[in-house]
Amino acid sequence: MRQVSCQRPGWAQTEAELYDELRGSHKSLKNMTVRGVSGSADGKALAATALAGGVRVVEHEAGIEALALEIDYRAIDQGQVLVADDQGHAVHFHQPIVFAHRLGQIHYIGKPGATGALDAETNASGRWHRCQEIAHAFIGGGGDVDGHGSTSNLDGVTQGCRGPGRAYIIMPVWPGTPQRANASHPSRRNAANQQEFQAMAVVSVKQALSGAVEAGDTVTVRGWVRTRRDSKAGLSFVNVTDGSCFDPIQAVVPATLGNYDSEVKHLTAGASLIVSGTLMPSQGKGQAFEIQASDVVVTGLVDDPETYPIQPKQHSMEFLREVAHLRPRTNLFGAVTRVRHTMMTAIHRHLTKQGFFWINTPIITTSDAEGAGDMFRLSTLDLANLPRLPDGKIDFRKDFFGREAFLTVSGQLNVEAYCLALSKVYTFGPTFRAENSNTARHLAEFWMVEPEIAFADLSVNADCAEAFLKAIFKAILDERPDDMAFFAQRVQSDAITRMEAFIAKPFERIDYTDAIGILKKSGEKFEFPVAWGIDLQTEHERYLAEKHIGRPVVVMNYPEAIKAFYMRLNDDEKTVAAMDVLAPGIGEIIGGSQREERLDHLDRRMVQFGLDPSNYGWYRDLRRYGTVPHAGFGLGFERLLVYICGLSNIRDAIPYPRAAGTAEF
RNA sequence: GCCCGAAUAGCUCAGCUGGUUAGAGCACUUGACUGUUAAUCAGGGGGUCGCAGGUUCGAGUCCUGCUUCGGGCGCCA
């Protein structure tokens, strides 16, 4: 029996078509782990044939009228699974039921639009519950079978399964279905008699190394080769990584394996494989556990090992940027990626705990002056044939939105509206700037977090920013010690200690006016002269945070002329309630302000900055209807990630960097 | 956008004031050796010196233009 995903909907294929499809898919099938439970003599035969057909069945159970297969979720075409016998005869299951298993949860993925019928049919026969039991039995207890999930789960679950993940297909086997009729096929019976199946749990490298799996257990790990070392003692050592943690796991592959000379000896950096064997305490130094391999399935060799870009050595960051699709396979980018994820989740977790709601402000905006730089225009107009107004200007009424549209440069104005309803909110998403900035600190597409708090002044805002940064650092230190140790060892030696120092003490707070005084008295020679009214340059910020104070500092109350229109004018009428958090080694990491909640002041500042208040109707409404003091700040996500990881270029902090002149991949 | 620098093997680099057949380490491959740790040792293959033009008896090397990349500054997060 072979199993394939069917790209075409429906089941009305001729046997010839199906056979072609099966043969066409054979390559990928060979690379697939299938974990099956087959019931009855017939089902057992099916499972055995599956093995013969190149699809590995690693578990089966007798006496169950159902067949369960585990395949890589990517092979599933949303619940449409074809099973065929070794003659290419289609085995039709009325409806396969697909479970996705992740983090101990089993979710039901139905076939879109057909779940109702499925439930009714399977329930009526009682087999549905049997399927659930099987799922429990071989996925391992503790799982929660949601048997009545709706198709609305589908997207969420499949999305959640991108990355290491498993999907289970539980298929009721009805009496009289073709595969029963074919089950007496001689080849099947033979295969069934010849094969012994052993239970093997697919685990991540992280699970295998962390003690989540007991020594002596039989496990399967799947991943990519880092290095291979051969020993004439009759073994090869293959370091395998699957990205789940920093360390690779060492597989000890004995030369006695059938494919040792033909495949194992040809494994090079980057090759993909599935290793099954016994998890054992390592006899060698350098790792606590290793896998004594009893089976190695090579799923993909490296086409031309000599030109495979990722070698077990240090590469330049510039070179790795040119192979952005392969750089996540390096130690460094694996670590950056995991830290990035942890940082993302830590932000959501911290703010959620503080009572904030995540507001998904729009990416497309029609306000043409959000006050934060050049914007990317978004249009569906034919550039070669633009509609014109009588005066020759472009007629944007003919454009998609009926007016000019852009990609957002900030979610702040939009999130303020939700702040003045839900009190504590934040926006966190991609942000776009079309500035021609050619530096290591700028991206055209980056992520920004912008919390906004109602009934808050600048002081509360600063408190919030401080707690926010500390929570992120703490989460990284707690949750990514392996990756941080690597950064400290290979990238920046104080990567860990400076974060610990950051957390240890309260931030200093000074007024802008005092900061100017400090800079003037410093005796330092600055490239940009210091005077009240100037915006602080990077050199000034670094002096304050690194030399004068030696820890993070919040500079508050800047001259009104150099800050944005929405910032609240202080009583002195010379300064606004703006703040910048400056940190040693980074400079400005957070910028924020108390917002101008008084309509007359806001209007005045808009005019002062050359903005037409009539273009900000909805924003002004917020000051007309139940205005309150509120404040917020923004954090450039990648900039903080650069700092945490000790990177020198922001293009290495995002998977596929977009910057002026750069948008490959 | 402004200023500066770089481009030599799959990768990281050396190649002096122009001069025979352009080198090394890693990677790959072959062999030796080994419960190895980016293993070690020995042999081998691998290059239109970014592209186009120019100066010269002769250009990887000097000049001009272009392309790409990097560093600094500005704008900013």
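Below, chains carry the letters A, B, ... as their sequence lines are ordered, and counting in each starts from 1.
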Peer 1: Tell me: CG of Asp580(A) to P of C76(B), nearest whole Å?
Peer 2: 11 Å
Peer 1: Please state whether the base of G35(B) and the side chain of Glu290(A) form at least one donor-acceptor pair under 3.5 Å?
Peer 2: yes
Peer 1: Check if the side chain of Ser437(A) and the base of C75(B) share a donor-acceptor pair of N or O atoms closer than 3.5 Å.
Peer 2: yes
Peer 1: Would you indicate what Phe237(A) reaches in the nucleic acid, counting non-hydrogen atoms under 4.0 angstrom: base, sugar-phosphate, or nothing?
Peer 2: base
Peer 1: Can you tell me, in whole Å, how much space there is between the C1' of C63(B) and that of A27(B)?
Peer 2: 37 Å
Peer 1: Is there a Watson-Crick or G-U wobble partner for C62(B) with both distances under 3.5 Å, and if so, which one is it?
Peer 2: G54(B)
Peer 1: Rounded to whole angstrom, note down the C1' distance from A39(B) over to A22(B).
Peer 2: 31 Å
Peer 1: Searching all strands shown, indicate the nucleotide that pairs with G18(B) (Watson-Crick or G-U wobble; both distances under 3.5 Å).
Peer 2: none
Peer 1: Have a look at Glu322(A) and say if it touches a base, only the backbone sugar-phosphate, or nothing, with a 4.0 Å heavy-atom cut-off.
Peer 2: nothing
Peer 1: Under a 3.5 Å limit for both distances, which nucleotide forms a Watson-Crick or G-U wobble pair with G5(B), could you say?
Peer 2: C69(B)
Peer 1: Mind checking the C1' distance from C75(B) to G53(B)? Whole angstroms is fine.
Peer 2: 38 Å
Peer 1: Under 4.0 Å between any heavy atoms, over every strand shown, what does Phe633(A) touch: base, sugar-phosphate, or nothing? Just pick one.
Peer 2: nothing
Peer 1: Kindly indicate whether the side chain of Glu306(A) and the base of G45(B) share any N or O donor-acceptor pair separated by less than 3.5 Å?
Peer 2: yes
Peer 1: Go ahead and name the base partner of G44(B); Watson-Crick or wobble counts if both distances stay under 3.5 Å, otherwise write none.
Peer 2: C28(B)
Peer 1: Nearest-Å distance, NZ (Lys265(A)) to C1' (C28(B))?
Peer 2: 15 Å
Peer 1: Could you work out the separation of G60(B) and G23(B) based on their P atoms and round it to a whole Å?
Peer 2: 14 Å
Peer 1: Does Asn438(A) reach a base, just sugar-phosphate, or nothing at all? Heavy atoms under 4.0 Å.
Peer 2: base
Peer 1: Check the distance between C13(B)'s P and Gln314(A)'s CD and give it to me in whole angstrom.
Peer 2: 11 Å
Peer 1: Assess, by modelled atom type and distance only, whether the side chains of Tyr426(A) and His348(A) contain a donor and an acceptor separated by less than 3.5 Å.
Peer 2: yes
Peer 1: With rounding to the closest Å, how many angstrom separate the P atoms on G74(B) and C16(B)?
Peer 2: 37 Å
Peer 1: Would you classify Asn649(A) as touching base, sugar-phosphate or nothing, given that sugar-phosphate means primed atoms plus P, OP1 and OP2, and contacts are heavy atoms under 4.0 Å?
Peer 2: sugar-phosphate
Peer 1: Looking at Arg229(A), does any N or O in its side chain come under 4.0 Å of the phosphate oxygens OP1/OP2 on A39(B)?
Peer 2: yes
Peer 1: On RNA chain B, nearest-nucleotide positions of Glu638(A) versus Ser648(A): which is more 5'?
Peer 2: Ser648(A)
Peer 1: Answer yes or no: side-chain N or O of His442(A) and base N or O of C76(B) forming a donor-acceptor pair under 3.5 Å.
Peer 2: yes
Peer 1: Does a donor on one side chain and an acceptor on the other come within less than 3.5 Å for Arg226(A) and Asn331(A)?
Peer 2: yes
Peer 1: Calculate the interatomic distance between Lys313(A) atom NZ and A9(B) atom P; express it in whole Å.
Peer 2: 12 Å
Peer 1: Mapping Glu588(A) and Gly286(A) to their closest nucleotides on RNA chain B, which lands nearer the 5' end?
Peer 2: Gly286(A)
Peer 1: Output the rounded distance in Å from CZ (Phe319(A)) to P (G50(B)).
Peer 2: 17 Å
Peer 1: Using atom NZ of Lys232(A) as one end and atom C1' of G31(B) as the other, report the distance to the nearest whole Å.
Peer 2: 8 Å
Peer 1: With no angle test and no hydrogens, is the base of G74(B) tied to the side chain of Gln537(A) by a donor-acceptor pair under 3.5 Å?
Peer 2: no
Peer 1: With rounding to the closest Å, how many angstrom separate the P atoms on G15(B) and U8(B)?
Peer 2: 14 Å
Peer 1: Using a 4.0 Å heavy-atom cut-off, does Gly284(A) contact any base of the nucleic acid, only the sugar-phosphate backbone, or nothing at all?
Peer 2: base
Peer 1: Could you tell me whether Ile590(A) contacts a base, only the sugar-phosphate backbone, or nothing, with contacts defined as non-hydrogen atoms closer than 4.0 Å?
Peer 2: nothing
Peer 1: Ignoring backbone atoms, test whether Arg228(A) places a side-chain nitrogen or oxygen under 4.0 Å from the OP1 or OP2 oxygen of U36(B).
Peer 2: no
Peer 1: How many Å lie between CG on Asp230(A) and C1' on A32(B), as a whole number?
Peer 2: 13 Å
Peer 1: When we call it a touch if two heavy atoms are under 4.0 Å apart, what does Arg226(A) touch: a base, just sugar-phosphate, or nothing?
Peer 2: nothing
Peer 1: Report the C-alpha distance between Phe356(A) and His350(A) in whole Å, list the side-chain angles of each, state the deciding distance to 0.1 Å, and finish with yes or no for ring-ring contact (aromatic ring centres under 6.0 Å, His included).
Peer 2: CA-CA 9 Å; Phe356(A) 284 77; His350(A) 169 73; 7.7 Å; no
Peer 1: Look at the aromatic rings of Trp358(A) and Phe428(A) and report parallel, tilted or perpendicular, splitting at 30° and 60°.
Peer 2: tilted
Peer 1: Asp303(A) has an atom CG; how far is it from atom P of C28(B), in whole Å?
Peer 2: 15 Å
Peer 1: With heavy atoms under 4.0 Å as the rule, sort Gln283(A) into base, sugar-phosphate or nothing.
Peer 2: base
Peer 1: Please state the P separation for the pair U67(B) and C11(B) - nearest whole angstrom.
Peer 2: 23 Å
Peer 1: Would you find a donor on one side and an acceptor on the other, under 3.5 Å apart, between the side chain of Arg321(A) and the backbone of Arg327(A)?
Peer 2: no
Peer 1: Does a side chain donor of either Tyr308(A) or Arg329(A) reach within less than 3.5 Å of an acceptor in the other side chain?
Peer 2: yes
Peer 1: Check every strand shown and say whether Thr439(A) touches a base, only sugar-phosphate, or nothing at a heavy-atom separation below 4.0 Å.
Peer 2: base
Peer 1: Using a cut-off of 4.0 Å on non-hydrogen atoms, how would the nucleic acid contact of Ser282(A) be classed: base, sugar-phosphate, or nothing?
Peer 2: base
Peer 1: On the nucleotide U12(B), are OP1 or OP2 found under 4.0 Å from the side-chain N or O atoms that Ser316(A) carries?
Peer 2: yes
Peer 1: State whether a side-chain donor-acceptor pair under 3.5 Å links His630(A) with Glu416(A).
Peer 2: yes
Peer 1: Checking side-chain polar atoms at under 3.5 Å, does Gln283(A) have a donor or acceptor matched by the opposite partner on Glu290(A)?
Peer 2: no
Peer 1: Nearest of G35(B), C75(B), C28(B) to any side-chain atom of Arg441(A)?
Peer 2: C75(B)
Peer 1: Say we look at G46(B) and C51(B): how far apart would their C1' atoms be, to the nearest angstrom?
Peer 2: 23 Å
Peer 1: Cut-off 3.5 Å, side chains only: do Asp511(A) and Thr513(A) have a donor facing an acceptor?
Peer 2: no
